[in-house]
Amino acid sequence: MASAKYFHDDHAEHILQAKFGTRAIHAGQHPDPVTGAVIPPLSLSTTFKQHSAGEHNGFDYSRSGNPSRHAFETAVAALEGAKYGLAFSSGSATTATIVSSLPAGSHIVSVNDVYGGTYRYFTKVASVLGVEVTFVDLADAANVASVIRPNTKLVWVETPTNPTLRLVDIKAVAEIAHKHNTKLVVDNTFMSPFFQNPLSLGADIVVHSVTKYINGHSDVVMGVAVTSNEEIYTKLAFLQNSIGAVPSAFDCFLANRGLKTLHLRMRQHALSAQAIAEALEASPRVENVIYPGLPSHPQHDLAKRQQKGFGGMISFRIKGDLATANAFLRHVKFFTLAESLGGVESLCELPATMTHGSVSAEDRATLGITENLIRLSVGIEDTEDLVADVLAALEAAVKL
Ligand SMILES: *Cc1c(COP(=O)(O)O)cnc(C)c1O
């Protein structure tokens with residue numbers, strides 16, 4: 001584990017007290033003490049010279065701690081208002097490591113439309129490890145209380161959910177979880193630290209798929225967990241080293257570069273998403289639009305209260321069927337038909353046959369993942385081009 005010896009001003013008050021963009025640029029970033037390089041160099045070495053046996057500058061072996069990883073972990077922690085950050089080789093490895101911290105016989109309560117990979121891990125892997133998971137609709141936070149058991153160790157929440165952008169009241173769930181002596185984990189991938197900080201609402205751990213908004217350039221697969229609870233941090237740091245699902249120094253370097261523009265990107269993602277959502281809602285070729293920034297969203301008030309913005313993800317039902325949806329996806333010019341989200345480039349996809357193709361038809365029906373439901377990850381191209389692209393593709397796909 002990296003000690004504070006080398007990075008003596010990691011938690012400098014003037015950085016932690018600064019606004020988001022300032023923290024994004026400065027937290028964890030130190031000019032190289034030898035060369036003066038302003039950008040901390042990419043640290044590829046797997047091992048670190050010791051002054052005398054067991055005495056070193058805070059790093060001994062790169063799985064246990066690496067300067068590029070440490071810089072990234074410090075930066076994300078500062079953006080989430082957390083004391084500690086731990087990076088992993090993917091968002092999924094982050095989930096797996098957190099579940100590994102639970103003793104066999106533990107129970108987890110999870111929101112029902114959790115990320116597909118998390119659902120797969122909970123049902124196919126955690127169950128084998130002796131950890132049972134109950135899925136519950138958390139549109140009403142009070143539902144948590146009815147499924148919590150004496151052995152419930154974690155409540156796992158994602159908000160907004162994917163792809164139907166349902167919100168969960170983090171503060172209300174945290175209060176119930178804590179009353180039952182249970183910890184709350186929030187997957188904050190969709191909002192990024194710029195638009196939502198679950199620790200300030202009572203969550204104990206926040207996780208991100210860095211692959212999405214934090215890196216933001218669709219060229220790194222990585223995950224991160226942050227917490228201000230020292231006991232949780234110590235346990236997860238031990239498992240990060242013991243299990244070893246750590247990201248490469250190169251990926252940490254890239255993701256750290258990405259997060260320096262997170263605030264600029266998120267503002268633009270949200271600006272364009274709002275404009276596109278409004279244009280879609282006004283179109284006679286659209287059945288309905290799901291975007292937390294629209295007053296028509298059933299939880300618009302909660303979104304305004306709990307989030308600092310509405311994000312860059314939109315789902316909408318095109319007027320028509322699977323063929324109509326496919327025609328739209330073929331006609332857009334600036335939205336690439338692909339899975340994933342959160343990059344600078346706009347993406348579109350059909351959840352029913354792509355990201356949520358492995359969800360049973362019955363569960364898809366329950367969750368509202370119909371064959372005419374299209375998900376957009378709005379990039380940071382110029383707003384007018386994106387709005388025009390969506391409207392033109394609608395016109396080509398839906399004959400009135
Ligand atoms: C992508 C994603 C994950 C998984 O992250 P990977 O980096 O792909 O392993 C977890 N949660 C959410 C909400 C995601 O979008």
Side-chain angles (χ1 to χ4, degrees), residues 69 72 76 80 85-100 108 110-126 133 135 138 154-168 170 184-196 198 203 205-226 240 243 245-248 251-252 254-255 258-259 262 266 269 290 292 307 311-315 338-343 347-349 351 354-359 367 369 375-379:
R69 191 173 93 212
F72 172 78
V76 178
E80 279 287 13
L86 291 163
F88 297 89
S89 52
S90 66
S92 306
T94 313
T95 304
T97 304
I98 291 171
V99 173
S100 298
I108 298 175
S110 169
V111 64
N112 62 347
D113 50 350
V114 73
Y115 174 73
T118 307
Y119 180 81
R120 185 173 53 214
Y121 190 85
F122 283 165
T123 53
K124 301 256 159 63
V125 186
V133 185
F135 297 92
L138 290 180
L154 289 182
V155 175
W156 193 285
V157 158
E158 216 177 288
T159 175
T161 60
N162 176 25
T164 50
L165 305 173
R166 290 180 169 86
L167 270 61
V168 177
I170 298 172
L184 173 63
V185 182
V186 175
D187 182 336
N188 201 26
T189 301
F190 267 45
M191 282 288 99
S192 91
F194 186 68
F195 280 139
Q196 185 166 268
I205 307 175
V206 173
V207 299
H208 286 276
S209 169
V210 173
T211 317
K212 318 295 166 50
Y213 286 109
I214 291 182
N215 178 61
H217 294 72
S218 306
D219 49 12
V220 168
V221 171
M222 202 166 134
V224 73
V226 302
Q240 180 195 41
I243 297 172
V246 292
S248 74
D251 283 350
C252 293
L254 283 178
L259 75 69
L262 183 61
M266 292 315 294
H269 285 300
I290 311 171
Q307 306 174 179
M313 299 300 295
I314 302 172
S315 290
E339 300 196 357
S340 199
L341 61 111
L347 301 178
C348 58
E349 68 119 357
M354 292 173 65
T355 49
H356 292 67
S358 60
V359 176
L367 296 172
I369 306 172
R375 189 187 78 177
L376 303 177
S377 171
V378 178

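As the structure lists them, so they are numbered: ligands from 1, and atoms in each ligand from 1.
With hydrogens left out, the protein atom closest to atom 10 (C) of ligand 1 is Tyr115 CD2, 3.4 Å, a heavy atom. Looking from atom 5 (O) of ligand 1 to the surrounding protein, the closest heavy atom is Ser209 OG, 3.0 Å. Remark: minimum distance from atom 1 (C) of ligand 1 to any protein heavy atom is reached at Lys212 NZ, 1.4 Å. At the top of the distance list for atom 7 (O) of ligand 1, counting protein heavy atoms only, stands Thr211 OG1, 2.7 Å.
In this structure, a donor-acceptor pair under 3.5 Å is present between the side chains of Glu349 and Thr355. Side chain to side chain, Asn188 and Glu158 fail the donor-acceptor criterion of an N or O pair below 3.5 Å.
Counting atoms of ligand 1 from 1 in the listed order, those under 4.0 Å from a heavy atom of Glu158 are 13 (C).
Between Thr118 and ligand 1, no N or O atom pair is found at a separation short of 3.5 Å. Ligand 1 has an N or O atom lying under 3.5 Å from an N or O atom of Gly91, backbone or side chain.
At least one heavy atom of Asp187 sits less than 4.0 Å from an atom of ligand 1. At least one heavy atom of Met222 sits less than 4.0 Å from an atom of ligand 1.
Note that CE of Met313 and CG of Leu376 are 8.0 Å apart. Values are rounded to the nearest 0.5 Å.
Looking only at side-chain heavy atoms (C-beta outward), Val185 and Val155 stay at 4.5 Å or farther from each other. Ser110 places none of its side-chain heavy atoms less than 4.5 Å from the side chain of Thr118. Annotation: side chain of Phe88 is not in contact with side chain of Met222 (no heavy-atom distance under 4.5 Å).
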Check against ring pair (Phe, Tyr, Trp, His ring centres under 6.0 Å), Tyr213 and His269
CA-CA 10 Å; Tyr213 286 109; His269 285 300; 5.1 Å; yes

